[in-house]
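All values derive from a computational prediction rather than experimental measurement. Lettering of chains follows the sequences in order, A, B, ..., and the numbering in each one begins at 1.
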2 protein chains.
Amino acid sequence: MLAAVLSVREATLHVLLWQRARAPHAHRWALPGGVLGAREDVRTSMLRQLSEKVDVREVAHLEQLAVFSAPDRRPGARRIATAFLGLVPSDADPRVPPDTRWCPVARLPETAFDHGEIVRGARERLQGKLSYTNVGFALAPPRFTISTLRVLYAAALGYDVDPTNLQRFLSRRGQLVATGGSAPPGPSGGRPASLYRFRSRRLEVTDEFVAFRPPR
Amino acid sequence: MLAAVLSVREATLHVLLWQRARAPHAHRWALPGGVLGAREDVRTSMLRQLSEKVDVREVAHLEQLAVFSAPDRRPGARRIATAFLGLVPSDADPRVPPDTRWCPVARLPETAFDHGEIVRGARERLQGKLSYTNVGFALAPPRFTISTLRVLYAAALGYDVDPTNLQRFLSRRGQLVATGGSAPPGPSGGRPASLYRFRSRRLEVTDEFVAFRPPR
DNA sequence: CCCGGTTTTCGCCTAAGAGTCGAAAACGGT
DNA sequence: ACCGTTTTCGACTCTTAGGCGAAAACCGGG
């Protein structure tokens, strides 16, 4: 019962970690989590655990990642972890408890147990899903410009993306909707960028990636 | 700890089910499974459970599907299930215990608990992965013709596929290797089909489906 | 008020991938 | 030798992707 909660902060992909106070693995950084309650399913339990670290309303997307079950993954009593991937928009209120921080995924601190591996799995899952679903909505603010969206995608994917291609890609799939408004230009001028929003803010698979299919 | 083991039999996608003898849900059809042992991880445990129903060497691919955890998904004591997707080649020995059968996925018998939902999830996962990975190897015999492969893909995907496109699609990704041999024609004659094999028989992601990426 | 600098947006071009179609190839049987 | 059957291959079209540069729309300063 663990979650790798990812969010783009300052043009870099971050993950929510808290520093353990007690053994085992004291002072190491761990993913938020806890134990499944008797009357919960794993999803509502995960949301309950997360509410101790962040405002759950900020978690725009939450999905199962995998089960981690190596018998020796944790010293002491055996524990099986159902890992989740959570996404928080980049404009969400970053206030977290004092022992908790947003850590850049590319340079993780010393992590507890197998949590580093889980973060890597979460990152790869996000990278894949950005291309064949509309998960981007869970990283972006409600309204955004193509430039800011480009920064978010570049941070999550790990490489630079072309703004023209990004816009065409999302428009072709009907994900992008122009709101009509425009953002004020920066201090050095420039053409004001028009504002967009995602058509849907719930996960949808936009590419069937089903080959060999007749067009209709 | 459950597995939806899929295989194409007689040009149709089937799933391995066994008929429960005792309550709850007596006489209903259930997925093979069991309880996690103390010294196992979920994968080896799943393989152990499956060995009671089929020859495990026939399971060409096994991956985690999802955790099913609704508190009332089973009457009586609570149980959390880690569900797996297993694939068995179409030429594998179909001998199974007397209470066990290959059932067509499209017309399932009355299933126990939430096992019907799990089978649907497994089928959807397979459909997706056929297009961006080489999982096809886990459905196919070691050597096969394009025609037989076409039947396998059509059964798994649920719609007809064009042999020309299938061959091009797999060849472009380097999955297909011509063995040089050829299969004897059927009773009504016809050009003998050449035999192919998959280049690799371990899961590989062939499409990065990473858009916006510069070609090099 | 014009002009250079800056940022966004749009259109055009080329290349690659997917799907359709039909002809040629290679068999068995009569 | 001919015919029906099945596989294989090439040619064609259409859509999508990526690259590039020009035009658009703003700033501030002279």
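A donor-acceptor contact under 3.5 Å is not formed by the side chain of Arg168(B) with the base of dG17(C).
Rounded to a whole Å, the CG atom of Leu166(B) is 14 Å from the C1' atom of dT7(D). Atom CG of Asn165(B) is separated from atom P of dC12(D) by 18 Å (rounded to the nearest Å). Remark: P of dG18(D) and CG of Leu170(A) are 12 Å apart, rounded to the nearest angstrom. The separation between Gln167(A) atom CD and dG18(D) atom P is 15 Å, rounded to whole Å. Atom CG in Asp160(A) sits about 13 Å away from atom P in dG18(D), given to the nearest Å. The distance between atom CZ of Phe169(B) and atom C1' of dA16(C), rounded to the nearest whole Å, is 14 Å. Remark: P of dG22(C) and CG of Asp162(B) are 13 Å apart, rounded to the nearest angstrom. For Leu176(A) and dT9(C), the CG to P distance is 11 Å, given to the nearest whole Å.
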Under 3.5 Å, which donor-acceptor pairs do the side chains of residues 106-122 of chain B form with other protein atoms, sequence neighbours left out?
from      : atom 1 : to       : atom 2 : distance (Å)
Asp114(B) : OD1    : Arg73(B) : NH2    : 3.1
Asp114(B) : OD2    : Arg73(B) : NE     : 2.7
His115(B) : ND1    : Leu31(B) : N      : 3.0

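Here dT9(C) is the nucleotide among dT9(C), dC10(C), dC21(C) with the atom lying nearest to any side-chain atom of Ser194(A). With dG19(D), dT8(C), dC27(C) as the candidates, the nucleotide lying closest to the side chain of Pro192(B) is dC27(C). Closest to the Arg191(B) side chain, of the nucleotides dA25(C), dG11(C), dT8(C), is dA25(C). Nearest to the side-chain atoms of Thr164(B) among the listed nucleotides dG10(D), dC10(C), dT7(D) stands dG10(D).
Nearest heavy atom pair, residue Asn134(B) against residue Ser200(B), reads ND2-O, 3.8 Å.
Ion pairing between a basic and an acidic side chain is recognised when a charged N comes within 4.0 Å of a carboxylate O; Asp99(B) and Lys53(B) show such pairing.
Counting any heavy atom pair closer than 4.0 Å across all strands shown, Arg150(A) reaches no nucleic acid atom.
Taking the six-membered ring for Trp and thresholds of 30 and 60 degrees, Phe198(A) and Phe144(A) have ring planes inclined between 30 and 60 degrees apart.
Residue Leu87(A) holds its CG atom at 8.5 Å from OG of Ser7(A), rounded to the nearest 0.5 Å.
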